[in-house]
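For reference, the structure discussed in these notes is given below.
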2 protein chains.
Amino acid sequence: MAETRRRDAAATKAAILASARRGFARSGYDGVGVREIAEGAGVTAMMVNRYFGSKEQLLGEVIAQIMAEPTILTRENIEAPDFAARIATLLVDITAAGDTPLDGFLIMLRSSSEEAAAIARGQIEAHYHRRLTNSLAGDLAPQRAAIVLAVVAGFQLMRQVIGLSALADADPDDLRTLLEPLFRQLLDRHR
Amino acid sequence: MAETRRRDAAATKAAILASARRGFARSGYDGVGVREIAEGAGVTAMMVNRYFGSKEQLLGEVIAQIMAEPTILTRENIEAPDFAARIATLLVDITAAGDTPLDGFLIMLRSSSEEAAAIARGQIEAHYHRRLTNSLAGDLAPQRAAIVLAVVAGFQLMRQVIGLSALADADPDDLRTLLEPLFRQLLDRHR
DNA sequence: TCGGGTTGTCTACGGTCGTAGACTTGGTGG
DNA sequence: CCACCAAGTCTACGACCGTAGACAACCCGA
């Protein structure tokens, strides 16, 4: 991330955005400073304000970027027979992977405050819960979809935010083995 | 909260603890300052350091206080033969009640700093995870216990904190029906 | 080649944070 | 009654925060 980069406004702006995304996901909005974000992009803190106006606007662009990305929660993925295994694998491998598709979720978790809960609820329902619900067959689809998200959120919370050692140090294969039947039970046609 | 209190070390210490608990639950460890906490207790900021040593130790005592209160995961519940059904019922009922055992969860969720997460991790592992692990038969007991806690936490997060409508407005019986087999799968002897 | 605008840095300001030591005030036991 | 220790306040330090304006370096087109 610190490779020498020639003067390139677009590349610098993208580097700041990427560093901010990593930082917000790791420590929350208040947990990371603009100097640290800038350092991760190989520039000084003032570049953040020059390109994004303020730290708050930077957060807005990070969220906008995440929301614009494709999600695994497409109908064809959800309806695939191995979706339970795929989401379990994705969830377990988040830490090792350099790219983190669930950054948005982590940022919401770690930056959540009283007034942010409503925003988070709206975005979760629009971008995650509705897609999942529409692709589930059987009864109680909204509730089952919500519990799937709850399991994902709880696992992330305990493993990445709290750092519960039984999850942080566990063999990924074991975690997959335990998570997959949970998802399968929720995703399979109910009743 | 600001009633005049005569010089009383125990009462002042309890007032600081209560104010800190409210503040941490509302804004997280980093979101509330010692001056604000002290003001909520009717004293000055230095009282925090005099009675608790540091803000970090204050958080430790707040969490310790919460951990000592009645909770879903008591030993007698864990050792009951129908624990999966009971924990599903208790989880749904307690979440619906909207009471203050949620404080501890809110604090952990909204405190993203490293030292706060470390304290929360230590308390969870000492009080919840260890009891649960010791009561589980079969392989992967620590991992299964941790995922049980993750499901509990995720459910509370989505239903109570985020307020996901599919969970907040759901019929409690339906939620119980969906949660119980998840817990049963994790709690029953594995392999 | 050589300005000129873009790109990035340097220094600094006002504010808030957690914390510390010296000080003042109050309640109480002899 | 009054001295004394506990209870609480005052002032301040050093560090970090987001932000700002002035300044230097670089690249490109003329």
Side-chain angles (χ1 to χ4, degrees), chain A residues 1-24 26-63 107 110-111 113 116, chain B residues 1-24 26-63 107 110-119:
Chain A
M1 226 42 76
E3 70 266 15
T4 54
R5 175 181 57 250
R6 296 180 15 137
R7 292 184 158 228
D8 187 335
T12 296
K13 185 170 182 177
I16 293 173
L17 203 62
S19 175
R21 178 168 172 169
R22 275 182 275 117
F24 289 154
R26 187 189 347 104
S27 310
Y29 178 74
D30 294 315
V32 61
V34 293
R35 288 169 175 83
E36 184 179 348
I37 292 171
E39 186 185 1
V43 293
T44 56
M46 264 313 292
M47 291 288 92
V48 171
N49 281 67
R50 185 186 292 286
Y51 284 118
F52 296 92
S54 68
K55 185 188 179 186
E56 189 173 335
Q57 291 177 274
L58 172 61
L59 173 65
E61 293 216 24
V62 168
I63 293 178
I107 293 175
R110 310 196 91 141
S111 302
S113 60
Chain B
M1 228 52 67
E3 69 268 15
T4 53
R5 177 180 56 251
R6 299 179 13 148
R7 292 185 157 224
D8 186 335
T12 297
K13 186 172 182 178
I16 293 173
L17 204 62
S19 175
R21 177 169 174 167
R22 275 181 273 117
F24 289 154
R26 188 191 341 108
S27 309
Y29 179 75
D30 293 314
V32 61
V34 291
R35 289 169 175 82
E36 184 180 347
I37 291 172
E39 187 184 1
V43 293
T44 57
M46 264 312 292
M47 290 289 93
V48 171
N49 281 67
R50 182 184 294 285
Y51 283 118
F52 296 92
S54 68
K55 185 188 179 186
E56 186 175 336
Q57 291 177 275
L58 172 60
L59 174 65
E61 293 215 26
V62 167
I63 293 180
I107 292 172
R110 293 184 170 144
S111 298
S112 59
S113 73
E114 286 297 326
E115 66 264 29
I119 293 173

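All figures in this text were calculated on a predicted structure; none of them were measured in a lab.
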Given atom CD of A:Glu39 and atom P of C:dT9, what is their separation to the nearest angstrom? 12 Å
Value in whole Å for how far the P atom of D:dG18 lies from CD of A:Gln57: 14 Å
First locate atom NZ of A:Lys13, then atom CZ of A:Arg50, and finally report the distance between them rounded to the nearest 0.5 Å. 13.0 Å
So, taking the atom named CG in B:Asp30 and the one named NZ in B:Lys55, what distance separates them when rounded to the nearest 0.5 Å? 5.5 Å
Minimal non-hydrogen separation, [X] against [Y], with atom names:
{"X": "B:Ile107", "Y": "B:Arg21", "value": "CD1-O, 4.2 Å"}
{"X": "A:Gln57", "Y": "A:Phe52", "value": "CB-O, 3.1 Å"}
{"X": "B:Val48", "Y": "B:Ala38", "value": "CG2-CB, 4.4 Å"}
{"X": "B:Arg26", "Y": "B:Arg110", "value": "O-NH1, 3.7 Å"}

Does any non-hydrogen side-chain atom of A:Met46 lie less than 4.5 Å from one of A:Asn49? yes
Does the side chain of A:Leu58 reach to within under 4.5 Å of the side chain of A:Leu17, using non-hydrogen atoms? yes
Pairs under 3.5 Å (N/O, protein and nucleotides 15-18 of chain C):
residue: C:dG18; atom: OP1; partner: B:Lys55; partner atom: NZ; Å: 2.6
residue: C:dG18; atom: OP2; partner: B:Val34; partner atom: N; Å: 2.8
residue: C:dG18; atom: N7; partner: B:Arg35; partner atom: NH1; Å: 2.9
residue: C:dG18; atom: O6; partner: B:Arg35; partner atom: NH2; Å: 3.0

Donor-acceptor pair, side chain of A:Ser19 and main chain of A:Ala15, under 3.5 angstrom: no
Just by modelled atom types, is the B:Glu56 backbone N or O under 3.5 Å from a matching donor or acceptor in the B:Tyr29 side chain? yes
Note down the inter-axis angle between the two ends of the helix from C:dT1-D:dA30 to C:dG30-D:dC1, five pairs each, to the nearest 10°. 10°
What N/O pairs connect the protein and nucleotides 8-10 of chain D at under 3.5 Å? Give each pair on its own line.
residue: D:dG8; atom: OP1; partner: B:Thr12; partner atom: OG1; Å: 2.8
residue: D:dG8; atom: OP2; partner: B:Thr12; partner atom: OG1; Å: 3.4
residue: D:dG8; atom: OP2; partner: B:Tyr51; partner atom: OH; Å: 2.8
residue: D:dG8; atom: N7; partner: B:Arg50; partner atom: NE; Å: 3.4
residue: D:dG8; atom: N7; partner: B:Arg50; partner atom: NH2; Å: 3.2
residue: D:dG8; atom: O6; partner: B:Arg50; partner atom: NH2; Å: 3.0
residue: D:dT9; atom: OP2; partner: B:Thr44; partner atom: N; Å: 2.9
residue: D:dT9; atom: OP2; partner: B:Thr44; partner atom: OG1; Å: 2.8

